[in-house]
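Notes for the one structure printed next.
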Amino acid sequence: MPEKQYDHNQIELKWSERWANAPLFQAEENSSKPKFYVLEMLPYPSGTLHIGHIRNYTIGDALARYKRMRGFNVLHPMGWDAFGLPAENAAIANNRDPYEWTRYNIENMKRQHRRMGFSYDWSREVTTCDPEYYRWNQWFFLKMLERGLAYRKNALVNWCTECGTVLANEQVVDGCCWRHESTPVEQRAIEQWFLRITDYADELLAGIKDLEDGWPERVLLMQRNWIGRSEGAEIDFHLEGSGKPIRVFTTRVDTIYGATCVILAPEHPLVAELVSGEAKVQVKQMIDSRAAKGPGDIEKEGLFTGSYAVNPFSGEKLPVWIGNFVLMGYGTGAIMAVPAHDQRDFEFCKQYNIAIRPVVRPVDGALAELVTMKEAFGDDGVVEHSGSYSGLSSAEARRVMTAKAEAENFGKAAVTFRIKDWGISRQRYWGTPIPVIYCPKCGMVPVPESDLPVVLPLKVPIGGKGRSPLENVPEFVNIACPKCGEPARRETDTMDTFVDSSWYFYRYCDPHNSSAPFDSKKIAYWFPIDQYIGGVEHAILHLIYSRFWTKMMRDLGLISNSEPAKRLFTQGMVIKDGAKMSKSKGNVVSADEMIERFGADTGRVFELFATSPEREMDWTDAGANGAYGFISRVYRFVTRNFGQGGSEPTAADKKALRKLHQTLRQITDDFEGRWHFNTSIAALMGLMNVLTDLEKDLSAPAIAEILEKLTLMLEPFAPYLAEELWEEQGREGPVFGHAWPEYDPELAREEEAEVVIQVNGKLRGRINVAFGTPRETLEKLVLGDTKVRPLLDGKQVVKVIVVQDKLVNIVVK
RNA sequence: GCCCGGGUGGCGAAAUCGGCAGACGCAAAGGACUUAAAAUCCUUUUUCCGGCAACGGGAGUGUGGGUUCAAGUCCCACCCCGGGCACCA
């Protein structure tokens, strides 16, 4: 056949039209095949896909296609994280309805997904702003409300003035909003809905162990730190006079004889009782200045209350201070300061001339000398100057002292977590309405299950900040109380959109169920997700909420798995010409632009080839050109060689088939192992180099085998090209319906082993020998080699190291 | 400050178990084809020294040390870059 020129648009448009409305890639419902659930994080429908999204989906799609060819029943779905602020902001900026805006974006992005050739089962598409989806958010909320897992309280919350709404702790980055990196988060006291994720803190932490094989270590580490479990004790210091207890949390009871003051957080409830007049103003200033500065660069500031509290162990009177570095939100909001053994306390006490008293010495050293002390000694050691506890190890002292506090009822062992309950109220429009009603008579009343969904009204005027736009929709707000029938008001806050994404992947298993979020039997078949793929930026937001939601649903009896995903892969970011892509820099490469210039196949191949999937990838047009060159070389090679060659086997056949099977082995190993698809593509390029050298001398049967297997190998990476070449060869399609070819280890093996000769570790030559040549023979061969002998002249051979089939190293003196 | 990653040609990178450093690609230079250009194909391309040349020799994976017959790979110390956490008691 004559060689054809590669035209990406012609080929790709032809196949996308043929595929357009065909029910392809649908997961089977009752299959005898083993299942495989591969999932990429669903996108926010911002309007257009760019090459960063495409990397994520390309990795997942390669895997999905490979697994199908390997005989798995593959579930590979896609959906839309369609609630959220940008829709609302676009509504304000462009006077467009959030619903219309979102719908339009989804249609456009779906078109781009299809054009990229991603093999999704579109019959399972999930859109989170669809009432048939978010009604189940509301349903879960009611279940949690019943069980006390959802509750309302007035709390200090993170407020972003730019978003005009509350943020969860997870959404605060460096003291600023995660969306508005230069907008400091304010603290405001507001009535809020919370989900009791802290009930699961211990389990979320313990469950990390089961994820160690399949999740990246750093994600698990970030989650561990975020949960922040610490074991210690709570101890009461009683105020002199009133006798009121000040409860402190400490991980180091063993240092309690070294405590020299008690410090309260400025927001601590006792502060109001202990200070008055001028001092009250100072405390207020302390709170405000901390809020204004944000974390990191705060100088320690303190104020003596004039009161004293009694150390329950030593009986000593300690001054009670207020300190800006003590956090109301952690532990009990009060600490005992042990300056000799805690660096923060050390700094504070130095600053205010409070006593410093070392009571723990290193196991093999002496107690610190006050005069030379430059910093606190924070390690465990041996306790001294501590009454009857002196001489005990820190660990032993903690145990005994905690027991005493418990026995005498002035304290107890305690565990504190850094993670807080998940605040889900948002004073915004474009989200799931929280299904509760406030009745003047009955108080807070949950919306009855039968009244779900509480539908978010459309065509709502948006604008103004600080109150939910729903407040301005009387037909939404005003409602009869479901209990007493009297006029009542609906909750106007909506849910954090991380609620939507906490369980969407369950809905994919049963997307059209109208009587339940899903059928448990279907979940039992598909779950856990075999491979989840997404960006590392979700390590503690989405991925911790999802784990919580899974455990909550398990406890509702809906599912039996405790973790959502067996394996997680976090792909690296895509940058452009060495810089992060951003709208302001104008260097965002859209999918459409990329497809027009290079085609979907080239885009996919280049994104995989440039580097390994977990690393940051730099998109350059020059690099994409290289991938384009490869795709066209393959196309031309196949079209000009199809049907060529004589009937007799040739020497070239052997070489070409060996390379073919070596390539197949490489790619199979990459899929089964490290996912280093950059080496898969490199191997395919290497194969093409060998084939173009040998093509004139190949026989017809060899060409047929090569073209067939080459096409099958291309399928996960360049599906359009593979399909086109399959058709060119007159084979029955589609390619993705065929089995992945097995490599033949015999054919893949090199004929001879090349053995490297070293003298004192330096490369001096190489010889070819039969595989498995005995060590003794090798040694003799090498020592007799004409190149080697002169190098040994006048030297003494000390040792000869032989690594069979690989290397001989002669050590001489 | 603490905890993770990472540092290899002009560039993106490879080297999976301690055994030939730089596969594969980009860019560059030279050549073929062409009236010319594009496209395509061929050759060279870590660096220094010697040679007209095939070739030979030395150095080389952030820096310094160590283990080993052998180190990009293992150990110790340090430097730089990226990310996470950061008054969490």
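Every chain is numbered from 1, with letters handed out A, B, ... down the list of sequences. The figures here come from the full heavy-atom set of this structure, side chains too, leaving out hydrogens, waters and symmetry mates.
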*asked:* For A/D670, give me all partners under side-chain hydrogen bond (donor to acceptor under 3.5 Å, both in side chains), at least two apart in sequence or on another chain.
replied: A/Q666, A/T679, A/S680

Protein N or O to nucleotides 1-12 of chain B N or O, pairs below 3.5 Å:
| from | atom 1 | to | atom 2 | distance (Å) |
| --- | --- | --- | --- | --- |
| B/rG12 | O2' | A/A610 | O | 3.1 |

Pairwise N/O distances under 3.5 Å, protein to nucleotides 56-60 of chain B:
| from | atom 1 | to | atom 2 | distance (Å) |
| --- | --- | --- | --- | --- |
| B/rG58 | OP2 | A/R764 | NH1 | 3.3 |

*Tell me, please, which residues at least two apart from A/V283 pass side-chain contact (heavy atoms from CB on, under 4.5 Å).*
A/P266, A/V271, A/V275, A/I287, A/L303, A/I322

*Gap between atoms CD and C1', on A/E614 and B/rG83 respectively (whole Å)*: 15 Å

*asked:* Ring of A/F771, cation from A/R749 - is the NZ or CZ under 6.0 Å from the centre and inside 45° of the axis?
replied: yes

*Spacing of CD belonging to A/E750 relative to CZ belonging to A/R658, to within rounding of 0.5 Å*: 5.0 Å

*For RNA chain B, what is the dot-bracket line, given that a base pair needs Watson-Crick (N1 to N3, plus N6-O4 or O6-N4) or G-U wobble (N1-O2 and O6-N3) geometry with both distances under 3.5 Å, and | means paired with another strand?*
(((((((..(((......[....))).(((((.......))))).(((((....)))))..(((((..]....))))))))))))....

_Can you tell whether the side chains of A/R567 and A/D213 come within less than 4.0 Å, N to carboxylate O?_
no

_C1' atoms of B/rU46 and B/rU8, separation to the nearest Å_ = 10 Å

*Residues forming a side-chain contact (heavy atoms from CB on, under 4.5 Å) with A/Q351, sequence neighbours excluded*: A/K300

*Among all residues two or more places apart in sequence or in another chain, which pass the side-chain hydrogen bond (donor to acceptor under 3.5 Å, both in side chains) test with A/E212?*
A/R224

*Counting distance only, does the side-chain N/O of A/E234 pair as donor-acceptor with the main-chain N or O of A/G411 below 3.5 Å?*
no

Polar pairs (N or O, both sides) under 3.5 Å between protein and nucleotides 37-44 of chain B?
| from | atom 1 | to | atom 2 | distance (Å) |
| --- | --- | --- | --- | --- |
| B/rU40 | O3' | A/R636 | NH2 | 3.4 |

Just distance, no hydrogens or angles: give the donor-acceptor pairs under 3.5 Å from side chains in residues 797-807 of chain A, sequence neighbours left out.
| from | atom 1 | to | atom 2 | distance (Å) |
| --- | --- | --- | --- | --- |
| A/Q804 | NE2 | A/T773 | O | 3.1 |
| A/D805 | OD1 | A/G772 | N | 2.9 |

*Using a 90° cut-off around 0 for syn, call B/rC42 syn or anti.*
anti

Distances under 3.5 Å only, N/O to N/O: pair up the protein atoms with those of nucleotides 65-73 of chain B.
| from | atom 1 | to | atom 2 | distance (Å) |
| --- | --- | --- | --- | --- |
| B/rC69 | OP1 | A/K799 | NZ | 3.3 |
| B/rC69 | O2' | A/N809 | ND2 | 3.3 |
| B/rC69 | O2 | A/N809 | ND2 | 2.6 |

*Residues two or more places apart in sequence or in another chain: which of them pass side-chain contact (heavy atoms from CB on, under 4.5 Å) with A/M573?*
A/I575, A/K580, A/E616

*Base of B/rG9 relative to its sugar, syn (within 90° of 0) or anti?*
syn

Taking only distance into account, with no hydrogens and no angle test, what donor-acceptor pairs under 3.5 Å do side-chain atoms of residues 683-694 of chain A form with protein atoms, sequence neighbours excluded?
| from | atom 1 | to | atom 2 | distance (Å) |
| --- | --- | --- | --- | --- |
| A/T692 | OG1 | A/M688 | O | 2.8 |
| A/T692 | OG1 | A/N689 | O | 3.1 |

*Give, for atom CE of A/M336 and atom CD1 of A/I246, the distance between the pair rounded to the nearest 0.5 Å.*
13.5 Å

